[in-house]
Amino acid sequence: MSETSLKGRDYRTGKAIEVRTEQGLIGQILPLQGDPHLPLIAPGLVDLQVNGFGGLDFNHFPFSVGMVDQVTRLLWQQGVTTYMPTVITASDLAIESAVARLAEACRTSQRVDRAVAGIHLEGPFLSPEDGPRGAHPLAHIKAPDPALFRHWQECAGGRIALITLSPEWPQSANFIRHCVASGVKVSVGHTSATAENISEAVAAGATLSTHLGNGAHLQLPRHPNYIWQQLAEDHLACALIADGDHLPASVLKVFMRAKGEQAFLVSDVTRFAGMPAGEYDSPIGGRVALSPMGRLSVADRPELLAGSARGLLEGSVICCVSSSPHCNRRWKWPRSALPFSLICRISRDWSQARPVM
C-alpha cells in the first residue's frame, strides 16, 4: 500500500490537520492552515452490540466466514471500525455454532480479526418476564450455568469478551465472579432484578448496563426500580441506543447527564438496516415489522422493539441533534464508544500508529 495523505478537520477542535499514512498505518498528524470546508477526521466508531447488517445476520445459523467479512466491510462504510458481533438467546447448539463460526472468521480473516473486539453474548441468562425479556425467546431463557458458558467459550476460542445477564437469578453473583476471573466483562441487562440483586452483581464485578432503559417492563414502580438502581451505581457504565425509537430524547439526555463519561452509545443494529419496510421472520422477535420510518418491532406486539434498523453513525447523529446543548457543547463523538480499556482490556492508544480502514 502506497503512502496516503488525508486532509480534514480534527473532530475535537475543528482545526485543519493532515494525516499521513504509510503501509496503511498513521505515521504523522500535522497542523494545516484552517479551511472550514474540509471534512471531519475522527477515530472509527466502536459498537459493542451488532446483531447483523444489510440483510446479514449473526443469529441466523448457518452463516459463513465470508458473511462476517461482508458485515465488517459494511460497518466500515458506516464509520464503525471496531465492533462486537452479538449472539442472542437461542438453543445451546445454535449459540455454540454461532460463536464457533465467529471465532473461525477471526482466525482466517485478518480484516475481521482486526475489527472484532470480541463476541458479545446477550443471553440466554436473562429475565423470563415479559417486558424485560424483550424479543428474546422464552423457550431458551435459563439460569446462569458456568459449565455451559465454559463450553461456549471453548467453542469460541476464548473470544467471548462480554456477556449480558440478569442478576435476578440465584447464584448470579458466583457466575459473575467466574466470568470476571476469566477476563469476561459482565453487563446487567434484560432484567427485573431488585436493587439488592444489582448491588450484589456490581460487588461481584459487573461493570456495564446493556441498553439501559430498554428490555424493561412497560410500567415500573416510581421508585425503587432497576433503572434508577443502575443509574445510581457508580461502577456501572451504561450503553444507550440513540436510534430515535428505543429512548425518547429527554430520557437520553437525562441518562447521559447522570452517567457522564460512563455513558456511551451502541446500535443494537440488526440485519434489517438498509432493508425495505415490511414484515420479516427474524431470530430476534420472530415475526417482525419494519416501518417506513425505520422502526423495528415485534409484528403482533408493536410496543416491543426487536432491535434496531439504524447503525451507530446514524444513532450518533440523532444523539447530537436530539440533545444538542449537551452533546455539541462537549463535541464528544467518543460518546458513541466506551474507552476500550473499560470493555475488554484492549489498549490501543490513538497516538500510536493504527490501521486506516
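Here, residue 1 is the first one in the sequence, and each next residue gets the next number. Quick caveat, the model's predicted, so the values are computed rather than measured.
Ionic pairing of E104 and R107 is not present here: no N-O contact between side-chain nitrogen and carboxylate oxygen is shorter than 4.0 angstrom. Here D113 pairs with R159 in a salt bridge; the nearest charged N to carboxylate O distance falls below 4.0 Å. The pair E18-R20 counts as a salt bridge, with a side-chain nitrogen and a carboxylate oxygen less than 4.0 angstrom apart.
Side-chain contact of D268 with S308: a donor-acceptor pair under 3.5 Å is absent, judged by distance alone.
From L313, atom CG reaches atom OG of S267 across 11.0 Å, with rounding to the nearest 0.5 Å. Atom OG of residue S192 and atom CG of residue N197 lie 8.5 Å apart, to the nearest 0.5 angstrom. The distance from the CG atom of L208 to the OG atom of S187 is 4.5 Å, given to the nearest 0.5 Å. The structure places CG of N51 at 5.5 Å from CG of N59, a figure rounded to the nearest 0.5 Å. Taken from OG in S199 to CD in E233, the straight-line distance is 4.5 Å, to the nearest 0.5 Å. Summarising the geometry, atom CG belonging to L138 is positioned 7.5 Å from atom CG belonging to D130; distances are rounded to the nearest 0.5 Å.
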Can T86 and Q49 be said to form a side-chain hydrogen bond (donor to acceptor under 3.5 Å, both in side chains), step by step? CA-CA 6 Å; T86 301; Q49 198 162 356; 5.5 Å; no
Side chain to side chain contact (heavy atoms under 4.5 Å, CB included) between L102 and V116, worked out: CA-CA 9 Å; L102 288 167; V116 170; over 6 Å; no
When you look at R295 and L305, which way does the side chain to side chain contact (heavy atoms under 4.5 Å, CB included) test go after all the steps? CA-CA 8 Å; R295 185 179 188 274; L305 295 170; 3.5 Å; yes
Steps toward side chain to side chain contact (heavy atoms under 4.5 Å, CB included) verdict (L75, D47): CA-CA 10 Å; L75 291 173; D47 195 344; 5.7 Å; no
Test log, rule salt bridge (charged side-chain N to carboxylate O under 4.0 Å, His left out), inputs D281 and R287: CA-CA 5 Å; D281 290 318; R287 191 70 177 169; 3.2 Å; yes
F63 and D57: side chain to side chain contact (heavy atoms under 4.5 Å, CB included), yes or no, with the steps? CA-CA 8 Å; F63 58 83; D57 197 335; over 6 Å; no
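For R301 (side chain) and L304 (main-chain N/O), no donor-acceptor pair under 3.5 Å exists by modelled atom type. Judged by distance alone, with hydrogens and angles left aside, the side-chain atoms of T82 form no donor-acceptor pair with the main-chain N or O of A117 at under 3.5 Å. Checked by atom type and distance alone, the side chain of S109 never pairs as donor or acceptor with a backbone atom of C106 at under 3.5 Å. Proximity of a side-chain donor or acceptor of H120 to a complementary backbone N or O of L48 within less than 3.5 Å is detected. At least one donor-acceptor pair closer than 3.5 Å links the side chain of Q262 to the backbone N or O of D234. R310 places a side-chain N or O within donor-acceptor distance of the main-chain N or O of D243, the cut-off being under 3.5 Å. At distances below 3.5 Å, at least one donor-acceptor pair connects side-chain atoms of K259 with backbone N or O atoms of L236. Between the R133 side chain and the P128 main chain, a donor and an acceptor come within less than 3.5 Å of each other. W228 places a side-chain N or O within donor-acceptor distance of the main-chain N or O of R222, the cut-off being under 3.5 Å. A distance-only check finds no donor-acceptor pair linking the side chain of D35 to the backbone of R9 [under 3.5 Å].
Applying the ring pair (Phe, Tyr, Trp, His ring centres under 6.0 Å) test to residues at least two apart or on different chains, the pairs with a partner in residues 268-312 are F272-Y280. Among residues at least two apart or in separate chains, side chain to side chain donor-acceptor pair (under 3.5 Å) pairs with a member in residues 144-156 are E96-H151.
A 4.5 Å side-chain heavy-atom check between F264 and V46 finds every atom pair outside the cut-off. In this structure, V188 and Y226 have side chains that are not in contact, with every pair of non-hydrogen atoms separated by 4.5 Å or more. In this structure, the side chains of D69 and V65 stay at 4.5 Å or more apart for every pair of heavy atoms. Between T194 and E168, the closest side-chain pair of non-hydrogen atoms is not below 4.5 Å. Two residues are said to be in side-chain contact when any heavy atoms from C-beta on lie closer than 4.5 Å; E122 and H190 meet this criterion. A 4.5 Å side-chain heavy-atom check between V251 and F255 finds at least one atom pair inside the cut-off. You'll find the side chain of H140 stays beyond 4.5 Å of the side chain of I95, heavy atoms only. Two residues are said to be in side-chain contact when any heavy atoms from C-beta on lie closer than 4.5 Å; M67 and S64 meet this criterion.
Closest approach of C179 to V186, counting heavy atoms only: CB-CG2, 3.7 Å. In terms of heavy-atom proximity, S166 sits nearest to T191 at OG-OG1, 2.7 Å. Considering every non-hydrogen atom in both A204 and R177, the closest pair reads O-CG, 3.5 Å. In plain terms, the two heavy atoms of T270 and G307 that are nearest each other are CG2-CA, 4.0 Å. Here the closest non-hydrogen pair linking A309 and V269 is C-CG2, 4.5 Å. Closest heavy-atom contact between A193 and P167: CB-CG, 3.8 Å.
Within 6.0 Å of atom NE2 in H217, more than 12 heavy atoms from other residues, nucleotides or ligands are found, so the atom counts as buried in its surroundings. In this structure, E303 places its CD atom where more than 12 heavy-atom neighbours from other residues, nucleotides or ligands lie under 6.0 Å away.
Between C238 and the options I227, L212, V266, T210, a side-chain contact (heavy atoms from CB on, under 4.5 Å) holds for only L212.
With hydrophobic clusters built from ILVMFWY side chains whose heavy atoms lie under 4.5 angstrom apart, L240 does not share a cluster with L296. Linking Ile, Leu, Val, Met, Phe, Trp and Tyr residues whenever their side-chain heavy atoms come within less than 4.5 Å leaves V71 and M275 in two separate clusters. A single hydrophobic cluster is not seen to contain both I241 and L290; linkage of ILVMFWY side chains at heavy-atom distances under 4.5 Å, directly or through other members, places them apart. In the hydrophobic cluster analysis, where Ile, Leu, Val, Met, Phe, Trp and Tyr join through side-chain heavy atoms closer than 4.5 angstrom, F53 is grouped apart from V288. No continuous path of ILVMFWY side-chain contacts below 4.5 Å connects I41 to L30, so the two sit in separate hydrophobic clusters.
Clustering of Ile, Leu, Val, Met, Phe, Trp and Tyr side chains at separations under 4.5 Å places W169 together with L126, I141.
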